[in-house]
Structures are given as C-alpha cells and as structure tokens.
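Here is the structure we will look at.
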2 protein chains.
Amino acid sequence: MSKARTSIVDIARAAGVSKSTVSLVLQGSPLVNEKTREKVSALINDLGYVYNRGAANLRQSKSKIIGIVVNDLTNSFFAELAVGVDMVVQSAGYVQFLAHSGESVDRQRQVIASMRENGIAGLILSPARGTEASDVKPLADSGIPVVVVVRNLPGAKVSTLLSDNYGGAKSAVRHLINLGHRRIAFMGGFADTAVSSDRVRGYRDALMEAGIALNQNFVIHSAPSRAGGATAAERMMFFDERPTAALCFNDAVAFGVCDGLRSNDIEPGKGFAVIGFDDVIEAKTAVPALTTVSVDPQGMGQRAAQLLMKQINAGQVDQETLVTSVRLVVRQSCGAPVRQTEELA
Amino acid sequence: MSKARTSIVDIARAAGVSKSTVSLVLQGSPLVNEKTREKVSALINDLGYVYNRGAANLRQSKSKIIGIVVNDLTNSFFAELAVGVDMVVQSAGYVQFLAHSGESVDRQRQVIASMRENGIAGLILSPARGTEASDVKPLADSGIPVVVVVRNLPGAKVSTLLSDNYGGAKSAVRHLINLGHRRIAFMGGFADTAVSSDRVRGYRDALMEAGIALNQNFVIHSAPSRAGGATAAERMMFFDERPTAALCFNDAVAFGVCDGLRSNDIEPGKGFAVIGFDDVIEAKTAVPALTTVSVDPQGMGQRAAQLLMKQINAGQVDQETLVTSVRLVVRQSCGAPVRQTEELA
DNA sequence: ACAGTTAATTGGAACGTTCCAAATATGTCA
DNA sequence: TGACATATTTGGAACGTTCCAATTAACTGT
C-alpha cells in the first residue's frame with residue numbers, strides 16, 4: 001500500500017503491454033487502440049499510480065511550474081495579485097509555486113534559487129526592497145522568462161508590469177482640487193522606492209498644474225501600513241496650518257489615516273478628505289467607503305501571468321514594459337457628492 | 001549562454017574529475033580533498049551550473065518540498081497562516097509550495113494531485129468547504145504526511161490542528177455577560193461548518209451557564225466576510241427587541257457588523273458591543289480596536305508545520321489531533337472599561 | 001621496500017519518464 | 001495470395017542525479 005511507488009513499468013507489466021504504450025496512454029495519444037487504453041487506464045486507477053513529473057521533466061526538460069514570489073503576502077494587495085496569477089496559470093495547465101520573501105533580499109535569493117533548482121518554467125516577481133538587477137540576471141540568462149511586477153528593477157533585462165502610479169496620483173489630486181481643496185497632503189510610503197516617488201511626482205505635478213505652491217511639510221512619509229498611516233495622521237495634527245485632504249500612499253495607509261483622524265475626532269469624508277491607492281477589497285465595504293485609485297491587483301496578476309505565458313510559449317525572453325492603466329474610484333471618504341468614475345489613459 | 005543546461009558531468013569534464021566527485025562536492029561530503037573541492041566549486045560558479053533537484057529526487061525519492069493549500073488566500077488569516085508555515089519550513093531546509101483552492105473542492109483536488117505528481121514530502125491543508133475524507137486518503141495511504149488545519153475532516157486518517165473554537169466563543173460570551181449584557185447575538189458564518197457549529201455551541205453553553213434563555217433568532221448566519229457581517233447587522237435592525245451585543249463568527253464579519261451599525265448611527269463599542277474571532281492584524285489598529293478571540297494564525301501555521309516536519313522525519317503518518325488554545329483580547333469594541341487579557345486553557 | 005591503513009576517487013547501475021526508429025499487426029486492393 | 005498502406009506496439013537510449021562497491025593514491029610504521 002505504501003513503500004515502493006508504482007511506476008509506469010508496473011502498470012505495463014500488469015497490463016501485458018510495454019512501458020511505451022502506457023506512456024502513450026498517459027499523454028492521451030491518439031496512436032493507441034481504444035481497448036488497450038481502457039485496460040491501461042483501469043490499471044492506473046487500481047494500482048494507485050501517480051505520475052512522476054520529476055522524471056518526465058528530466059527527459060523533456062520543460063516543466064509546468066511557474067514561480068511567483070511576493071514581498072509581502074500579508075498585504076492583501078499581493079495576496080490578490082497571486083490569486084490573479086493563479087487563475088491564468090491554472091487554466092494554462094501550469095501550477096503555481098508561491099513563495100514570499102518578507103521584504104528580505106536574502107530570503108528572496110534563497111527562494112528564487114530553490115525555484116530554479118526545481119525547474120520552474122517562468123517567474124513572476126514582486127521584488128523585495130533593495131533587490132538588484134543581478135538577482136534576476138542568472139534566470140534571464142539561462143532563458144527563463146521573468147516578469148517583474150509592481151516595483152521596477154532598473155537595469156534588469158526582463159519584462160515589467162507596473163501600474164500607472166504617476167497618472168493615478170495626478171488624477172486623484174486633481175479630483176481633490178476640483179472639490180475645492182487647496183491644502184493637500186501626501187501621506188505614507190518610503191521615499192526610496194520608485195513607486196513612492198512616482199506617486200509623489202504625480203501629486204506634485206497636479207498641484208503645480210493648478211498653480212498651488214508645494215508645501216514640503218505636506219509630504220509625510222511613514223511605513224506603508226495601517227499603523228504607518230495612523231502615525232502620519234497624528235504627526236499632521238501638530239501642523240499650524242493643517243491640510244484638509246490627503247492622498248495616501250496606499251489603501252492600508254489610508255485606513256490608518258482614517259483611524260488617526262477619528263482618534264482626533266475628525267470624521268474622514270466630512271472634516272477631511274482621504275484618498276487611497278490600490279483599491280483592495282475592503283475599500284468598498286469600509287465606513288466610509290474609501291475613494292481610491294483602483295489598481296485591480298487581480299487583473300494585474302492576470303496580465304502578468306499572460307505576459308509570462310506568452311514568453312514561455314514563444315520560447316524567448318523579451319524585455320517589454322507595460323504600464324497598466326488605473327482609475328479613480330470615487331466613494332465616500334473624499335466627501336464627493338456623487339458617485340462617479342474617471343478613466344485614465 | 002542558454003540552451004543546454006550544464007550538468008554535473010560538464011563540471012566533471014572541465015575539472016578533470018569524475019561526476020561522482022562533483023556529486024560529493026555538491027553534498028558537502030568530507031570525503032573529498034580540499035583542493036579538489038575548491039577547483040570544482042569554482043567551476044560550478046563559472047559555468048553557471050544549477051542543481052537539478054528533479055533528477056536527484058528521482059534517485060533518492062524524497063523531496064524537500066512541502067505543499068500547503070488554503071481555501072482563501074485573500075483572507076489575511078490564511079495569508080498569515082501560510083507565512084507561519086513558511087517560517088519553519090524554510091528553516092528546516094524545505095521549500096513551500098503554496099496553492100489556493102478558492103473554496104472549490106474541484107480546484108483543490110487538482111492542486112493536490114499536481115503537488116503529488118511533483119513529489120511533495122508532506123501537505124498542510126486548510127480544506128475547502130465540502131472536502132471529503134476521501135480527498136486526502138490517497139496521500140495518507142501512500143505514506144505522505146498530511147496535517148489538516150483550521151477546519152476538521154472527520155474520518156480522515158490524518159493529523160489535525162484546530163483552534164479551541166468552543167472555548168474561545170464561550171469565554172467571549174462570558175465576558176459580555178460579565179459586562180452586563182443579556183441580549184447577545186451570534187452573527188455570521190455558515191451553519192454547515194464544524195468551526196461555526198463549535199463556536200455557536202460555545203456561545204449557547206455560556207448563555208445557558210448564566211441562566212439566560214436562548215433566543216433562536218439571535219443566531220444570524222451570513223457569509224463569513226465583511227459584506228456578510230454588514231448584511232447580518234442590517235437584518236438585526238428589524239428585530240423588535242434588539243440584542244445589545246454580538247459575538248461574530250470572525251473578525252471580517254465583526255468589521256462588517258461595525259459598518260452596518262454605523263450606517264444605522266450606532267457606534268460600535270458605545271451603543272453596542274462587538275467581539276470578533278481570529279485577531280487578524282487589522283483588529284488592533286481599527287477604530288474602535290476590535291475585542292476578539294485571538295487565534296494567532298502565524299503561530300498556528302508554525303505549529304502545523306512543526307507537526308508535519310515531525311512526521312516527515314519520523315517517516316510515519318500519525319493521526320494526532322491538537323487543539324491550540326486561544327485567548328480573549330479585550331479592546332475597545334466591546335465597551336469594556338479597562339484593557340485586560342484573559343487566558344484560556 | 002613492504003604490508004597495512006586511511007584518504008580520495010571512480011565507474012556503472014539505478015530512478016521513472018519520453019522519444020525515436022523500428023517492428024509487428026491489421027486492413028485493403030487487385 | 002501478395003504487396004502495400006495504415007494502425008499499433010515496442011525496445012532501447014537518453015535525461016541528471018545518487019549510491020555502492022571497487023579501485024587507486026597517499027601515508028604509516030617497521
């Protein structure tokens with residue numbers, strides 16, 4: 001019942017055919033006679049045979065595993081991204097091999113190495129902070145397609161899928177300006193990431209466009225988490241001239257900012273307008289519902305996976321950079337009167 | 001640079017030794033001479049050799065992969081569980097192969113099959129609703145250890161790690177009773193899961209213990225999500241005699257209930273006491289901070305992984321059932337005056 | 001210099017597949 | 001019936017490792 005794995009030749013022996021025939025059956029080849037197929041299939045079931053994909057890969061050296069490593073599984077943005085990837089990967093007959101680096105480059109190196117050893121056909125990577133182009137170079141060099149998502153990796157010869165951070169931030173700030181706000185803050189996120197600097201740039205340009213002078217203090221960095229948002233909001237309370245609205249680095253920060261406002265008896269959406277970034281699932285159901293720049297992580301995962309699949313099938317690693325468009329979803333937290341949606345290029 | 005994978009024999013040829021020696025080097029055997037080791041190691045780097053674990057497994061038929069499949073990655077409880085598992089799995093030199101079933105038994109069957117084909121050394125499973133014992137039987141039969149977590153799987157010959165749902169619910173309700181509440185509801189969750197029925201049982205017994213008659217209407221089932229919580233709260237609003245407090249199926253539901261209360265101008269923690277279950281990260285930072293039964297998903301993941309590792313190393317599949325203890329974390333949402341913690345067995 | 005150890009190294013035979021060329025069976029036509 | 005085409009089936013040689021038994025090299029002490 002346990003012990004020795006039953007193999008293709010065990011089946012062959014039992015069915016009185018050759019192992020080649022069994023192999024043919026396994027692959028659903030049309031070459032094999034209907035009767036033999038039935039007999040073999042029955043035996044496969046009865047003997048509890050399980051296909052050894054490792055052995056198969058050994059011979060044909062192309063596996064059906066795609067790897068995905070994310071920097072923070074705990075953040076539901078990435079969890080959803082992974083789910084999106086999983087959808088297309090599964091339906092293409094591949095299986096997903098998900099790992100998380102916990103924002104550590106070392107760990108990331110480890111898991112990538114391990115994935116390589118296990119023969120992945122391609123990799124989707126949301127890099128940990130501080131990842132170097134050299135971390136993915138060996139992959140790309142040995143012809144394994146890599147798609148980098150969410151954060152970019154300058155210098156790496158790989159495809160990249162980013163969201164339109166600049167445009168999204170810009171349109172969010174424009175919206176706030178249209179609503180009459182003049183003192184607008186940017187809250188949360190670390191200054192040293194490309195994602196953050198792109199969003200801040202969009203924020204600045206929107207202000208400039210409207211002829212509003214930039215107040216340097218209004219860019220308040222913090223950890224990109226709910227807790228970070230709360231502390232950022234607390235810090236803002238000490239300003240002589242407080243902002244009346246904020247664009248937040250992401251939704252987690254935005255929720256934290258709401259928490260911080262409430263602790264100071266300010267109701268988000270009434271006394272202060274809050275806009276997030278990402279549109280995680282909770283954004284819709286929170287109270288007040290969060291106005292946010294929708295990135296659709298699941299869709300992004302799907303696109304990334306499609307891009308990867310294309311390259312795997314084409315058998316070549318391209319270096320293509322896609323920017324996915326992004327749209328502002330207006331809900332209650334910005335105090336806008338009506339529910340509307342603004343499309344972006 | 002790409003094309004043919006360089007193998008152990010390529011290295012051997014280049015170094016002027018036999019493939020056996022290279023293999024020895026790879027395994028860090030003390031049998032090999034220091035000078036040869038160096039030469040070989042250098043070549044391994046230079047030629048960009050990557051170890052083929054598939055081939056190795058083929059020979060020694062014990063892999064270093066452990067599989068984990070969760071029913072909903074999007075729920076941060078499970079994401080954290082996975083992170084916990086990952087921690088111990090990594091440090092044991094194994095790698096994790098995470099998949100999510102999206103609460104579909106079919107998908108779950110697929111991914112489990114796929115993992116089997118890829119030769120996992122063990123499996124951690126948080127089963128999708130409706131999973132049968134027969135779904136894991138073949139695994140267990142072929143000697144692959146399986147640890148079922150979170151939900152139990154009656155009849156399956158596998159180890160199980162559950163949290164003390166009964167005790168946790170009981171102590172939460174006791175707390176509400178001590179606070180003076182008499183009309184207490186149980187909100188959220190589907191009636192047909194063991195987890196739900198255990199919690200409801202704890203809720204009932206606590207009421208009974210206090211001599212409070214059970215009002216059947218006060219058990220309001222709904223989807224175990226934020227949205228589900230909101231609708232449950234809305235439904236409650238139509239009661240003639242409304243509850244003054246609720247134990248919720250999980251934290252997501254609890255947040256939803258808070259949303260629903262607010263839409264009806266009731267402030268959670270003031271006009272109505274809310275207790276959740278799970279203690280997800282957001283529970284601490286939410287406003288009001290959520291009183292909840294802390295399950296520590298990450299710790300649970302770690303314990304599950306340890307249990308699995310033990311079985312893998314022992315080379316036998318036990319059938320052990322562990323119940324992890326659980327503690328009530330009192331925060332603001334139940335309206336308790338002081339911040340305190342109650343330990344449970 | 002020789003036997004006796006100990007230290008390093010090494011061929012092959014597995015492991016469970018796939019793939020190819022070749023063999024065999026089956027059918028068709030005149 | 002013989003010759004050909006077509007439908008099935010089949011041995012073996014890979015694939016990249018590990019493991020074992022066996023070989024060779026390098027030291028001992030006398």
Side-chain angles (χ1 to χ4, degrees), chain A residues 3-41 43-44 47-65 114 116-121 142-143, chain B residues 2-41 43-44 47-65 113-114 116-121 142-143:
Chain A
K3 282 293 85 113
R5 243 181 188 292
T6 86
S7 86
I8 216 179
V9 324
D10 297 319
I11 308 282
R13 198 166 11 236
V17 297
S18 80
K19 58 180 167 33
S20 306
T21 305
V22 179
S23 174
L24 256 12
V25 171
L26 251 16
Q27 305 172 247
S29 160
L31 259 41
V32 31
N33 181 296
E34 198 46 50
K35 276 187 67 179
T36 355
R37 178 195 310 287
E38 273 170 27
K39 185 167 50 175
V40 170
S41 304
L43 257 343
I44 285 178
L47 303 192
Y49 166 77
V50 359
Y51 185 74
N52 185 333
R53 206 167 286 274
N57 289 343
L58 189 52
R59 189 65 228 276
Q60 42 172 52
S61 92
K62 52 164 182 181
S63 85
K64 288 293 200 177
I65 302 180
S114 168
R116 249 189 119 190
E117 290 180 357
N118 285 109
I120 54 172
S142 59
Chain B
S2 68
K3 281 296 78 118
R5 243 181 188 292
T6 87
S7 86
I8 217 180
V9 324
D10 298 319
I11 308 282
R13 197 164 13 235
V17 297
S18 79
K19 59 181 166 35
S20 305
T21 305
V22 179
S23 173
L24 256 11
V25 171
L26 250 18
Q27 305 174 247
S29 160
L31 260 41
V32 32
N33 182 295
E34 199 45 51
K35 278 187 62 179
T36 1
R37 179 194 308 287
E38 273 169 26
K39 186 169 49 176
V40 171
S41 305
L43 257 344
I44 285 179
L47 303 192
Y49 166 76
V50 359
Y51 183 75
N52 185 333
R53 208 167 285 275
N57 289 344
L58 188 52
R59 190 65 228 277
Q60 41 173 53
S61 89
K62 52 165 181 182
S63 84
K64 289 292 200 176
I65 303 179
S114 169
R116 250 189 118 189
E117 290 180 358
N118 283 287
I120 54 173
S142 58

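Letters go in sequence order (proteins before strands), and every chain restarts at 1.
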Taking atom [atom2] of [N] as reference, at what distance in whole Å does atom [atom1] of [X] sit?
{"X": "Glu34(A)", "N": "dT8(D)", "atom1": "CD", "atom2": "P", "answer": "10 Å"}
{"X": "Glu117(A)", "N": "dC15(D)", "atom1": "CD", "atom2": "P", "answer": "21 Å"}
{"X": "Ile8(B)", "N": "dC19(D)", "atom1": "CD1", "atom2": "P", "answer": "11 Å"}
{"X": "Leu31(B)", "N": "dT23(D)", "atom1": "CG", "atom2": "C1'", "answer": "14 Å"}
{"X": "Asn52(A)", "N": "dC15(C)", "atom1": "CG", "atom2": "C1'", "answer": "8 Å"}
{"X": "Lys19(A)", "N": "dA14(D)", "atom1": "NZ", "atom2": "C1'", "answer": "11 Å"}

### Query
What is the nucleic acid contact for Leu24(A), judged by heavy atoms within less than 4.0 Å: base, sugar-phosphate only, or nothing?
base
### Task
Looking at every strand, decide which applies to Val25(A) at a 4.0 Å heavy-atom threshold: base, sugar-phosphate, or nothing.
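Nothing, no heavy atom under 4.0 Å.
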### Task
Assign each of Ala55(B) and Pro30(B) to its nearest nucleotide of DNA chain C by heavy atoms, then name whichever residue's nucleotide is nearer the 5' end.
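By nearest-heavy-atom nucleotide position, the 5'-most residue is Pro30(B).
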Spacing of [X] atom [atom1] and [Y] atom [atom2] [to the nearest 0.5 Å]:
{"X": "Ser41(B)", "Y": "Tyr49(B)", "atom1": "OG", "atom2": "OH", "result": "12.0 Å"}
{"X": "Ser114(A)", "Y": "Lys64(B)", "atom1": "OG", "atom2": "NZ", "result": "11.5 Å"}
{"X": "Asn57(B)", "Y": "Glu117(A)", "atom1": "CG", "atom2": "CD", "result": "10.0 Å"}

### Minimum-distance nucleotide (side-chain atoms of Thr36(A) versus dT9(D), dG16(C), dT10(D))
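Nearest listed nucleotide: dT9(D).
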### Message
Donor-acceptor check, side chain of Arg37(B) to backbone of Ser29(B), threshold 3.5 angstrom: yes or no?
### Response
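Indeed, once roles are kept as given, a pair shorter than 3.5 Å links the two residues.
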### Query
OP1 or OP2 of dT18(C) less than 4.0 angstrom from a side-chain nitrogen or oxygen of Ser23(A), does that happen here?
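Looking at the OP1 and OP2 atoms of dT18(C), one of them is under 4.0 Å from a side-chain N or O of Ser23(A).
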### Message
With a cut-off of less than 4.0 Å, is there a side-chain N or O of Gln60(B) near OP1 or OP2 of dC19(D)?
### Response
yes
### Query
Is any N or O donor-acceptor pair between the side chain of Arg59(B) and the base of dT18(D) shorter than 3.5 Å?
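Side chain to base: pair present.
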### Message
Taking donor-acceptor contacts at under 3.5 Å, does the side chain of Ser20(B) reach the base of dG11(C)?
### Response
yes
